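Presented below is the structure to which this report refers.
Here the structure is a predicted model, which is why all the values come from computation and not from measurement. The sequence lines fix the lettering, A, B, ..., with proteins before strands; numbering per chain opens at 1.
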Protein chains: 2
Amino acid sequence: MKPTHLHLTEDCRAVSAVLQRVGDKWTILVVQRLGGGPKRFNELRNEVGGISQKMLTTTLRSLERDGFVTRTVFPTIPPRVDYELTDLGRELQVPVNALGEWARANIGRINAAREKFDRSIAA
Amino acid sequence: MKPTHLHLTEDCRAVSAVLQRVGDKWTILVVQRLGGGPKRFNELRNEVGGISQKMLTTTLRSLERDGFVTRTVFPTIPPRVDYELTDLGRELQVPVNALGEWARANIGRINAAREKFDRSIAA
DNA sequence: CCGCATCCAACAGGATACTG
DNA sequence: CAGTATCCTGTTGGATGCGG
């Protein structure tokens with residue numbers, strides 16, 4: 001048995017899978033907006049901005065399937081649908097926010113590296 | 001000025017961008033393998049497993065461009081190229097590993113939610 | 001050994017039109 | 001209002017062959 005602080009390939013695939021899951025174009029933006037409490041479909045649509053109806057539907061369905069959000073339909077006319085983070089969804093925000101914090105703190109270093117790299121390519 | 005613990009849309013785009021960056025198919029697997037020290041191209045290729053030559057090249061180039069890895073060419077015959085994490089790359093591992101730890105701990109809950117969702121769809 | 005170039009299949013995601 | 005259905009595009013990524 002290996003020491004438990006070393007998580008090797010078996011686990012690493014799961015990590016990669018989750019990162020790909022939350023790494024798609026809209027997931028994080030939607031989850032972040034839902035952090036402030038339940039929201040309706042078009043409310044999300046407006047707040048996220050730039051997302052198509054199709055992609056918001058798709059993103060929310062995936063989040064629901066993975067147990068990150070709940071979908072509540074109010075059978076009124078016109079219909080009203082609320083989306084809300086589950087416990088699992090709120091717990092996901094913790095490590096995601098940590099990564100976000102790191103991104104905020106280091107985006108300058110990344111951009112500097114890119115510019116340097118691109119300049120050395122042009123030469 | 002908003003309180004600093006609330007990072008709103010401006011920042012959230014950057015977060016999303018970084019997540020998409022590390023959320024591609026191979027990046028995390030490659031970075032994880034490089035965590036153990038410098039590695040040669042085919043060494044990485046074998047250890048990661050299942051990655052095509054093209055994608056390993058592409059992934060490594062992107063990592064290099066973003067300042068996460070260095071590329072060192074030894075002008076021998078046959079040629080030898082070492083890839084190694086930079087400080088930035090090693091720092092990136094911290095929040096990524098935290099997310100990985102979360103993924104490991106919660107993959108069961110996610111899978112359970114998926115099965116439940118899929119069963120309720122079939123009905 | 002390392003990597004580039006090319007071709008190609010699969011998929012993500014946007015635009016638009018229609019429905020309860 | 002909250003979707004579904006269809007079409008169309010760009011991108012991702014695998015397979016293969018060549019080159020230094």
Side-chain angles (χ1 to χ4, degrees), chain A residues 12-13 16-31 33-34 38-66 69-84 117-118 120-123, chain B residues 12-13 16-31 33-34 38-66 69-84 117 120-122:
Chain A
C12 209
R13 301 285 171 173
S16 188
V18 170
L19 271 169
Q20 284 182 67
R21 179 61 193 78
V22 299
D24 74 356
K25 192 166 181 181
W26 299 107
T27 293
I28 293 302
L29 285 320
V30 171
V31 169
R33 293 324 290 155
L34 286 175
K39 294 227 187 295
R40 303 181 56 171
F41 187 88
N42 275 347
E43 212 174 349
L44 273 172
R45 185 151 160 55
N46 293 330
E47 291 188 10
V48 169
I51 189 171
S52 66
Q53 197 174 34
K54 174 185 171 180
M55 286 315 297
L56 183 52
T57 302
T58 304
T59 301
L60 287 169
R61 279 290 179 284
S62 298
L63 286 170
E64 189 192 359
R65 188 174 109 96
D66 290 350
V69 308
T70 55
R71 177 172 182 273
T72 311
V73 180
F74 299 90
T76 55
I77 297 181
R80 166 193 177 133
V81 182
D82 276 15
Y83 293 91
E84 184 172 16
F117 183 89
D118 292 346
S120 72
I121 289 297
Chain B
C12 210
R13 300 285 171 174
S16 188
V18 171
L19 272 170
Q20 283 182 68
R21 178 63 193 77
V22 298
D24 72 357
K25 193 166 180 181
W26 299 108
T27 294
I28 293 302
L29 285 320
V30 171
V31 169
R33 293 324 290 157
L34 286 175
K39 293 225 187 298
R40 303 181 55 173
F41 186 86
N42 276 347
E43 211 174 349
L44 273 172
R45 185 152 159 55
N46 293 329
E47 291 188 9
V48 169
I51 188 171
S52 68
Q53 197 173 35
K54 174 184 171 182
M55 286 315 297
L56 183 52
T57 301
T58 304
T59 301
L60 287 168
R61 279 289 178 286
S62 297
L63 286 171
E64 190 193 358
R65 187 174 109 97
D66 289 351
V69 309
T70 56
R71 178 173 182 271
T72 311
V73 180
F74 299 92
T76 56
I77 297 182
R80 166 194 176 134
V81 183
D82 275 15
Y83 292 92
E84 183 172 16
F117 183 88
S120 72
I121 289 298

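- A close approach under 4.0 Å does not occur between any side-chain nitrogen or oxygen of B:Arg45 and OP1 or OP2 of C:dC1.
- Contact footprint of chain A on DNA chain D: nucleotides with an atom under 4.0 Å from a non-hydrogen protein atom, first to last in 5' to 3' order, D:dC1 to D:dC7.
- Using a 4.0 Å heavy-atom criterion, one finds that A:Tyr83 contacts the sugar-phosphate atoms exclusively.
- Atom CG in B:Leu44 sits roughly 12 Å away from atom C1' in C:dC2 (whole-Å rounding).
- Exactly one residue among A:Glu43, A:Glu64, A:Arg71 makes a side-chain hydrogen bond (donor to acceptor under 3.5 Å, both in side chains) with A:Tyr83. That residue is A:Arg71.
- Closest approach of B:Arg33 and B:Leu44 over heavy atoms only: CB-CD2, 3.8 Å.
- Each of A:Thr57 and A:Pro78 was assigned the nucleotide of DNA chain D with the nearest heavy atom; the assignment lying further toward the 5' end belongs to A:Pro78.
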Residues B:Leu63, B:Val30; criterion side chain to side chain contact (heavy atoms under 4.5 Å, CB included); working and verdict: CA-CA 9 Å; B:Leu63 286 171; B:Val30 171; 4.0 Å; yes
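- Rounded to whole Å, the distance from CD1 on A:Ile77 to P on C:dT19 is 18 Å.
- Rounded to 10 degrees, the angle separating the terminal axes of the helix from C:dC1-D:dG20 to C:dG20-D:dC1 is 40°, with each axis obtained from five end pairs.
- Between B:Glu64 atom CD and C:dC2 atom C1' the separation is 14 Å, expressed in whole Å.
- When all heavy atoms of A:Arg65 and B:Phe117 are compared, the pair lying nearest together is CG-CD2, 3.3 Å.
- A:Ile51 is not listed as a side-chain neighbour of A:Leu29, based on a closest heavy-atom distance of 4.5 Å or more.
- Whole-Å rounding puts the A:Phe41 CZ to C:dG20 P distance at 18 Å.
- Residue B:Arg40 places at least one side-chain N or O under 4.0 Å from the OP1 or OP2 atom of C:dC2.
- Between A:Thr76 and A:Pro78, the shortest heavy-atom contact is OG1-O, 2.9 Å.
- Within the 4.5 Å cutoff, the side chain of A:Leu60 has heavy atoms near those of the A:Phe41 side chain.
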Report all interatomic pairs (protein N or O, nucleotide N or O of nucleotides 13-16 of chain C) with separations under 3.5 Å.
{"from": "C:dG13", "atom 1": "OP1", "to": "A:Lys25", "atom 2": "N", "distance (Å)": "3.4"}
{"from": "C:dG13", "atom 1": "N7", "to": "A:Lys54", "atom 2": "NZ", "distance (Å)": "3.3"}
{"from": "C:dG14", "atom 1": "OP1", "to": "A:Lys25", "atom 2": "NZ", "distance (Å)": "2.6"}
{"from": "C:dG14", "atom 1": "OP2", "to": "A:Trp26", "atom 2": "NE1", "distance (Å)": "3.4"}
{"from": "C:dG14", "atom 1": "O6", "to": "A:Lys54", "atom 2": "NZ", "distance (Å)": "2.2"}

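- Here the side chains of A:Lys25 and A:Met55 are not in contact, with every heavy-atom distance at 4.5 Å or above.
- Within a 6.0 Å radius of CD1 in B:Ile121, more than 12 heavy atoms belonging to other residues, nucleotides or ligands are found.
- The nearest pair of heavy atoms linking B:Arg21 to B:Asp66 is NE-OD2, 2.6 Å.
- A pairwise comparison of heavy atoms in B:Asp82 and B:Arg40 identifies OD1-CG, 3.2 Å as the closest pair.
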